[in-house]
Amino acid sequence: MIKIGLVGVGYWGPNIVRSFELTRKATVSWLCDLNPDNLSRIADRYPQAKPTQNFEDILNDKTVDAVAISTPAGAHYEIAHRALSAGKHVLIEKPITVDSQQAIHLMDLAEQVDRVLMVGHVFEYNFTIRALKDLIDSGELGDIHYLNFVRTNLGPVRTDVSALWDLAAHDVSIMCYLMDACPTDVTARGQSYLNENVEDAVFATFSFKKGIMAHVNASWLNPRKVRKIVVVGSKKMAVWDDLNLSEPIHIYDKRIAALDEIPDTFMDYKTKVVEGGVYIPHIRQNQPLQTECEHFIECIELGLKPISGGYSGLRVVLALEAATASMKKRSRIVSIKMPAQTNRRREKAAPGDTDLLERITEKVQDKLNNTIK
Ligand SMILES: NC(=O)c1ccc[n+]([C@@H]2O[C@H](COP(=O)([O-])OP(=O)(O)OC[C@H]3O[C@@H](n4cnc5c(N)ncnc54)[C@H](O)[C@@H]3O)[C@@H](O)[C@H]2O)c1
């Protein structure tokens, strides 16, 4: 049984405790928070976990294998650095850090001390997002033209990081995962309406190779909760809707066929629209946070590189830093470059990772065979 010390039990931390306990392969043996009210609110539910306001208690406990960090983003680096230095494996909530140099330091340190460093990019463990990746990788959608992400809600309003670093961090991790790459540049706009220098609404457009664009609209000032991704390909389009629990992905077999000649009328133009219907693939659902926790345990036990390791965390931070710089420079295009020394350390899918993917994702063709028209 892997023993975990959890730091930060505000809004998100309790979900992490529950998910680790559900795996039955790990137990949270310490709960740490600077705020005694937050600690006492959760301590009764998990009597096996010792509450503390002093992080040193976790570091000094030799029976603790790993530290999970769910504090505000600005505190991630210091806590992770101390945990790795004390020989603990580390799972950090997104974003891994608020500074790319700090992310690189953590990657270096984890390598030196030979410990797992994983970032909680929870959507990389969501079977419906994996199904979307299967659709892209299999060529089902054709060449990918562009992706459009919408993540809006009314609150929770943060004051420590902007909607870009809080909300769009998820979308950036998803786009990097789907494209299996770091974006090459970004242009972004954002406005601070409630708190100075904390953008509440952000519009950012990232570029990937081959002319692929990925646009993100993130806001905590929108009365409607929306979590949507549209992937437009040359053959088909896919729409992912996180709030549609039973049918999260719709595949539109519709496209504009290449025109041989300029049409005379609008109706002629309309005849070039290819209409093949709408498919709803059957996708096995999962509890993404539990799958993420299971993968962290698997990496510790089998010595694997995580799917969302330091490299994955770093490319998101680089993209967010560039988007922040673009917002400050009135939407100027800012390039994004993975430092050369980190590229060589790109986590290759270890055999165990591939097994995990095989186990939990079904092949696209199987899904299409089970579609409802
Ligand atoms: N994966 C997701 O979907 C998701 C959702 C929400 C939040 N998050 C992430 O989880 C993290 C926490 O977010 P939250 O919404 O729970 O924030 P929160 O403010 O509700 O809770 C953070 C807690 O950390 C405590 N804390 C702060 N500094 C600390 C320190 N140095 N040592 C110990 N405790 C400390 C605070 O007292 C608070 O109880 C953030 O990184 C956020 O981005 C992820």
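On a predicted model such as this, the values are computed, not experimentally measured, just so you know.
Judged by distance alone, with hydrogens and angles left aside, the side-chain atoms of S326 form no donor-acceptor pair with the main-chain N or O of A322 at under 3.5 Å. Looking at D143, its side chain never comes within 3.5 Å of a backbone N or O of S234 through a donor-acceptor pair. In this structure, the side chain of N148 does not engage the main chain of V230 through any donor-acceptor pair within 3.5 Å.
Salt-bridge formation is detected for the pair R82/E56: a Lys NZ or Arg NE/NH1/NH2 atom is positioned less than 4.0 Å from an Asp or Glu carboxylate oxygen. Between D166 and K94, at least one side-chain nitrogen of the basic residue sits less than 4.0 Å from a carboxylate oxygen of the acidic one, meeting the salt-bridge criterion.
Atom CG of N54 has more than 12 heavy atoms from other residues, nucleotides or ligands within 6.0 Å.
Applying side-chain contact (heavy atoms from CB on, under 4.5 Å) to L39 and the options V9, L34, T52 leaves one that passes, V9.
One hydrophobic cluster, built from ILVMFWY side chains closer than 4.5 Å, holds both V113 and M107.
Counting heavy atoms from C-beta on, the side chains of R227 and N153 come closer than 4.5 Å. Between C176 and V172, the closest side-chain pair of non-hydrogen atoms falls below 4.5 Å.
Because its NZ or CZ atom is not both nearer than 6.0 Å to the ring centre of Y11 and within 45° of the ring axis, R158 does not count as a cation-pi partner of that residue.
No side-chain donor from either of S308 and E124 sits under 3.5 Å from a side-chain acceptor of the other.
Separation of the H121 and Y177 ring centroids does not fall under the 6.0 Å cut-off.
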